[in-house]
Protein chains: 2
Amino acid sequence: MVDAYHHGDLRRALVEAALAVIDEDGVDALTLRGVARRAGVSHAAPYHHFADLADLRAAVAAECFADLRDRMVRARAAGASPDRQVRELGRSYIDYAVERPNRFRLMWRPELRGPGAPGEVVALAGEESYRPLLAAVAAGQHTRLFRAGEVPDLALFAWATVHGFATLLVDGPLADTAADPARLAAAAENVVELTLTGLLRH
Amino acid sequence: MVDAYHHGDLRRALVEAALAVIDEDGVDALTLRGVARRAGVSHAAPYHHFADLADLRAAVAAECFADLRDRMVRARAAGASPDRQVRELGRSYIDYAVERPNRFRLMWRPELRGPGAPGEVVALAGEESYRPLLAAVAAGQHTRLFRAGEVPDLALFAWATVHGFATLLVDGPLADTAADPARLAAAAENVVELTLTGLLRH
DNA sequence: ACGGCAATGTTGACAATGTCAAGATACGTG
DNA sequence: CACGTATCTTGACATTGTCAACATTGCCGT
């Protein structure tokens with residue numbers, strides 16, 4: 001597994017090298033030649049596994065979305081009632097963004113969602129990450145715990161709030177909040193609770 | 001003013017060329033040499049006005065934030081009561097993102113907020129865009145229209161929601177929603193109203 | 001077993017870019 | 001009017017994405 005390059009699964013090795021580069025130095029540091037170098041192959045070898053740089057990025061993003069989806073599924077499972085599920089989902093989403101800011105950034109790069117085929121894979125992976133939230137909101141509405149209205153509308157509101165907060169933590173002016181675990185927890189709590197206020201029936 | 005290059009204000013011409021490139025082809029299409037070409041100067045001329053590509057990006061972003069701030073100020077002025085102000089602010093923010101998606105993307109690029117000096121300019125410009133929302137929330141709380149709590153917490157919640165929604169419209173899976181004015185208006189309305197639910201006293 | 005094909009890697013080349021160093025030019029200030 | 005400084009140009013270099021041509025190698029059917 002250590003030297004799976006020359007013959008083993010180069011594609012896998014390249015994706016993993018890419019993840020390492022992204023985690024260490026950010027999305028913009030990701031380079032086809034650099035990844036090839038890390039994997040110990042020639043600079044053009046990646047072209048046998050990825051159409052171009054954008055394609056590699058998309059593959060990595062799909063990987064990340066799969067990870068996020070797993071977390072979302074587990075988060076929902078960890079919540080007894082729909083409102084707790086939403087809380088868990090929100091917290092987990094924020095945790096992911098703060099833990100892996102560079103991956104989170106990559107996942108929302110606009111290039112990923114252009115017309116190209118790889119973009120569609122990413123879009124699908126993204127949808128799957130969204131499903132648990134949709135389910136939790138639907139359940140909450142079924143119990144008459146959440147307000148009436150279209151499920152997608154309510155879920156979108158919740159997603160937008162948490163996503164926006166995560167974005168501000170990662171890319172925006174809340175970077176120092178994100179760096180302080182105590183403040184981060186407090187701010188996240190605040191946002192999640194206010195979000196629930198929007199969902200709950202009063 | 002048409003050919004203010006060779007002598008006039010090259011810096012200005014470069015920023016404007018950069019805005020044009022970004023609007024037309026996206027942030028990643030922005031290139032120092034390309035901008036120089038557009039402005040009709042040699043490829044190294046920009047270095048007398050910007051330290052490097054990141055610096056040019058930061059200058060453009062600062063310009064965009066100034067524009068956003070103006071819109072936010074006007075939006076707040078257009079709202080009679082605090083809740084209407086929040087509505088106007090939210091709508092305007094979303095409008096800006098949808099109208100000028102590429103500028104909006106640039107403004108939240110993480111590179112802008114690194115340690116460098118230009119980043120600080122951007123951060124300051126961003127804060128000014130935030131001020132009207134803070135003021136509206138404070139006013140709403142003063143009138144006892146909005147719920148009790150820390151003003152920054154409430155404002156952050158509102159910002160996060162609207163910002164997240166805008167991000168999903170621009171970079172995420174809501175791109176087709178953004179393309180249809182009717183659906184966009186409905187979705188924006190939904191998000192803004194739910195946000196207000198989180199702010200209002202019940 | 002074996003000959004050949006398709007997948008996988010490698011080398012070499014090209015254009016574009018960011019960036020720097022040296023030289024040219026022009027503008028304002030003494 | 002001379003001079004220094006800000007501004008611009010030219011030339012060069014390393015890095016990168018990408019393609020084409022060539023090498024290798026494992027697998028397939030015969």
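The chains referred to below are lettered A, B, ... by the order of the sequence lines, with proteins before strands, and numbering in each begins at 1.
Here the side chains of His43(A) and Leu32(A) are not in contact, with every heavy-atom distance at 4.5 Å or above. For the pair Arg113(A) and Trp108(A), the minimum side-chain heavy-atom distance is below 4.5 Å. Contact check for Phe165(A) versus Leu156(B): side-chain heavy atoms found under the 4.5 Å cut-off.
Each of Ile94(A), Val192(A), Leu133(A) was scored for a side chain to side chain contact (heavy atoms under 4.5 Å, CB included) with Leu89(A), with one residue passing: Leu133(A).
When the C1' atom of dT10(D) is taken as reference, atom NE2 of His48(B) falls 11 Å away, rounded to whole Å. As a whole-Å value, the separation of Arg11(A) CZ from dT8(C) P is 11 Å. Rounded to whole Å, atom C1' of dT8(C) lies 18 Å from atom CZ of Arg12(A). The distance between atom CG of Asp9(B) and atom C1' of dT7(D), rounded to the nearest whole Å, is 12 Å. Here the P atom of nucleotide dT25(C) and the CG atom of Leu10(B) are 19 Å apart, to the nearest Å. Atom NE2 of His49(A) and atom P of dT18(D) are 16 Å apart (whole Å).
Within the structure, a side-chain polar atom (N or O) of Arg37(A) is placed less than 4.0 Å from OP1 or OP2 of dT16(D).
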Distances under 3.5 Å between nitrogen or oxygen atoms of protein and nucleotides 18-21 of chain C:
from: dG18(C); atom 1: OP1; to: Thr31(B); atom 2: OG1; distance (Å): 3.0
from: dG18(C); atom 1: OP1; to: Leu32(B); atom 2: N; distance (Å): 3.1
from: dG18(C); atom 1: OP2; to: Thr31(B); atom 2: OG1; distance (Å): 2.9
from: dG18(C); atom 1: OP2; to: Leu32(B); atom 2: N; distance (Å): 3.2
from: dG18(C); atom 1: OP2; to: Arg33(B); atom 2: N; distance (Å): 3.1
from: dG18(C); atom 1: N7; to: Arg33(B); atom 2: NH1; distance (Å): 2.5
from: dG18(C); atom 1: O6; to: Arg33(B); atom 2: NH1; distance (Å): 2.9
from: dT19(C); atom 1: OP2; to: Tyr47(B); atom 2: OH; distance (Å): 3.2
from: dT19(C); atom 1: OP2; to: Leu53(B); atom 2: N; distance (Å): 3.0
from: dT19(C); atom 1: O5'; to: Tyr47(B); atom 2: OH; distance (Å): 3.3
from: dT19(C); atom 1: O4; to: Arg33(B); atom 2: NH1; distance (Å): 3.2

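Ring geometry, His163(A) versus Phe104(A): the interplanar angle falls from 30° to 60°, so the pair is classed tilted.
In this structure, Arg109(A) places its CZ atom where more than 12 heavy-atom neighbours from other residues, nucleotides or ligands lie under 6.0 Å away.
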